[in-house]
Amino acid sequence: MTTYETPAAGNRPVPGGAPAPSGTPVYAARPWLAQLSDAQKAPVTPPETVLHAFRASARRAPDRTALAYFDGRLSYAETDELSDSVAAHLADRGVEHGDRVAVMLQNSPHFVLALLGAWKAGATVVPLNPMYKSGEVAHVLEDARVGALICSDRAWTGYLRETASYCGVRVALTACELGLQTRDDKRVLPFERQPVPEDTDDLLAVARAGRQAPDGRALRSDDVALISYTSGTSGTPKGAMNTHGNIAHNAERQRAGQGIPEGACYFALAPLFHITGMVCELSACFLNAGTLALAYRFEAGVVLDAFAEHRPAFTVGPSTAFMALAAHPAARPEHFESFAVISSGGAPVPPALVEKFRAGFGPYLRNGYGLTECTAPCASVPPQSEAPVDPATGTLSVGLPGPDGLVRILDEDGREVPFGEQGEIAVSGPGVVPGYWGLPEATAEAFPGGELRTGDIGFMDADGWLYVVDRKKDMINASGFKVWPREVEDVLHTHPAVREAAVVGVPDPYRGETVKAYVSLVPGTAATPEELVAYSAERLAAYKYPREIVVLEELPKTSSGKILRRELRSRSGAS
């Protein structure tokens with residue numbers, strides 16, 4: 001059994017963990033508990049923070065590989081020492097307990113050293129998507145009042161220097177992600193080494209200075225670990241305050257519920273700057289004293305090579321990543337033989353993809369559901385089960401809620417609806433964040449009584465299986481009929497030539513709105529828009545099937561793999 005430095009920490013109340021408002025107690029019985037194993041239902045005692053867990057793993061297995069990056073390896077002891085020195089540097093440069101340190105890096109050891117170093121300095125980390133443009137970065141730096149920034153040298157010299165200066169950033173560290181490996185795989189690392197920018201310090205040089213982390217910076221479970229920027233249900237990105245307790249609890253539930261052996265390899269398919277990668281990959285791995293394998297960013301061929309090299313037991317990523325892996329000509333069942341659990345989260349999983357993937361490669365893709373505001377998973381398919389498909393809608397369940405929280409389905413007045421009826425998904429429990437950074441009114445609206453109102457429409461069956469229908473704002477109103485894009489997309493995914501599909505509502509002079517679809521095709525296949533429209537019309541009600549289908553080489557996505565419906569709506573002239 002793993003022992004952490006503060007074994008009683010899990011008994012301390014966690015912000016956001018308040019009981020849900022009572023209402024009619026439809027869901028209070030938590031029927032999903034009957035589907036969980038005794039081990040999955042057993043109480044857990046999370047560490048105070050993931051940093052506590054990492055240090056415990058470093059003491060227990062100092063020579064074990066903590067980070068694998070192409071042909072590079074860092075042991076737990078080396079990772080601990082290097083991040084200590086980063087912490088000392090940040091403290092010397094004036095970073096105090098609770099100050100904000102932004103980290104804008106891809107999946108590389110540099111990200112992990114920056115994260116651990118900032119936490120060891122007592123700071124709150126603000127993860128930034130490396131795909132952000134100057135205006136997006138400026139909003140986050142100003143809103144979070146960031147004092148230090150750790151980023152790639154290319155981004156700094158490209159546009160971040162000016163943005164950071166304008167936003168009052170005082171400390172800058174830069175990194176070249178070609179470091180800590182020698183393979184230089186041009187598929188994802190096509191750039192060249194460049195001199196360290198004169199107005200920054202080099203992250204690796206700082207890390208190799210051999211210094212001790214500062215004293216007096218101990219973190220507690222209720223300290224804010226991350227300010228993770230998300231659009232939430234709508235509007236300008238807001239900073240969800242993920243506490244150390246939020247992260248440690250959800251990571252411990254992942255570790256305890258999956259049955260993955262201690263020391264196993266976790267492959268970082270989801271970006272670490274995204275809450276799914278942070279909790280389900282990095283944090284769960286360190287709690288399990290495992291090896292975190294990194295490959296900079298997603299590229300299907302590179303990922304398949306990494307699977308063959310590192311033989312991971314776990315990974316999690318969006319359905320679009322698994323579509324790309326399945327479509328790659330080099331993909332073989334052998335690439336997936338080592339996995340004990342493969343999870344999909346961050347984007348809907350069509351039932352057809354699950355079956356195609358299993359038929360072609362063996363593993364069953366285990367669905368999951370969560371938001372930044374509930375610190376990644378609040379429902380998942382346990383290893384001993386398979387997700388049911390709702391016979392009425394063809395929707396694949398996203399899984400079962402965990403044993404510690406409560407998931408409810410609410411009508412527009414906030415009342416619980418019966419099992420099987422659709423409504424807004426509401427979540428409470430130890431993963432729910434205490435609120436949005438500096439936004440008390442938005443917090444009060446999104447978290448009434450400490451319960452997260454997700455903005456997602458779904459339903460739960462009598463056995464506790466949760467189904468997500470779609471986002472409230474994505475519902476299409478065609479001649480007064482509700483059309484949920486997910487249902488149309490799931491039908492399109494059953495066509496053998498369709499690799500990806502996204503459905504949006506577009507203005508229509510007669511129907512008000514009508515259904516339009518965008519698809520990409522499996523390499524080596526062909527299908528005309530007219531064929532796909534006819535295929536849909538045979539399988540969907542007249543008001544649901546897309547009147548127009550556009551075939552694209554690739555659908556626009558976020559860096560975490562979610563298809564950007566808003567960009568497709570913009571292309572179509574919809575608001």
Side-chain angles (χ1 to χ4, degrees), residues 4 6 8-20 43-54 98 100 103 115-116 118-119 122-127 144 218-230 232 238-257 270 272-287 316 345-346 368-380 401-407 425-439 442-443 446-447 449-454:
Y4 300 108
T6 53
N11 299 322
R12 190 177 295 160
V14 176
V44 294
T45 303
E48 183 95 353
T49 74
V50 171
L51 185 56
H52 285 79
F54 171 80
R100 274 73 62 203
V103 178
L115 176 82
L116 294 176
W119 281 348
T124 294
V125 170
V126 182
L219 297 166
R220 292 168 53 92
S221 64
D222 54 0
D223 284 326
V224 178
L226 307 172
I227 301 177
S228 306
Y229 277 78
T230 172
K238 301 179 285 291
M241 297 184 290
N242 304 104
T243 68
H244 283 284
N246 293 149
I247 296 171
H249 181 276
N250 279 9
E252 175 61 11
R253 272 296 175 202
Q254 289 280 296
R255 187 202 67 79
L272 298 182
F273 59 79
H274 189 275
I275 197 66
T276 300
M278 179 69 68
V279 172
C280 302
E281 296 168 348
L282 182 148
S283 299
C285 178
F286 287 165
L287 265 66
V316 58
Y369 169 71
L371 297 88
T372 304
E373 291 92 337
C374 59
T375 317
C378 64
S380 59
D404 307 307
L406 184 63
V407 174
I425 300 170
V427 181
S428 58
V432 175
V433 304
Y436 294 119
W437 170 263
L439 295 172
T443 295
F447 303 89
E451 180 182 56
L452 170 65
R453 302 294 173 88
T454 66

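Predicted model, so just to flag it, every value in this text is computed and none were measured. What you see below is based on every heavy atom in this structure, not just the backbone, and it leaves out hydrogens, waters and symmetry mates.
Annotation: side chain of V407 is in contact with side chain of I425 (closest heavy-atom distance under 4.5 Å). Taking 4.5 Å as the limit, some side-chain heavy atom of L115 sits within range of a side-chain heavy atom of L282. Side-chain contact between F286 and L51 is absent, with no heavy atoms from C-beta onward closer than 4.5 Å. The closest side-chain heavy-atom distance from F54 to L287 is not below 4.5 Å. With a 4.5 Å cut-off on side-chain heavy atoms, F447 and Y436 count as touching.
In terms of modelled atom types and a separation under 3.5 Å, the side chain of S283 and the main chain of M278 share a donor-acceptor contact. With hydrogens and angles disregarded, no donor-acceptor distance shorter than 3.5 Å links the side chain of E281 to the backbone of T276. Looking at W119, its side chain does come within 3.5 Å of a backbone N or O of A225 through a donor-acceptor pair. Of the possible donor and acceptor atoms, one in the side chain of R100 sits under 3.5 Å from a partner among the backbone N and O of A144.
L226 pairs in a side chain to side chain contact (heavy atoms under 4.5 Å, CB included) with only one of the listed residues (N242, T375, T124), which is N242.
The minimum heavy-atom distance between V427 and T454, with the atom names listed, is CG2-CG2, 4.0 Å. Between I275 and S228, the shortest heavy-atom contact is CD1-OG, 4.4 Å. Between A118 and V125, the shortest heavy-atom distance links the atoms CB-CG2, 3.6 Å. Taking all atoms of both residues into account, the shortest heavy-atom contact from N250 to G431 is OD1-CA, 3.8 Å.
A search for salt bridge (Lys or Arg N to Asp or Glu O under 4.0 Å) contacts involving D404 returns R253, not counting sequence neighbours.
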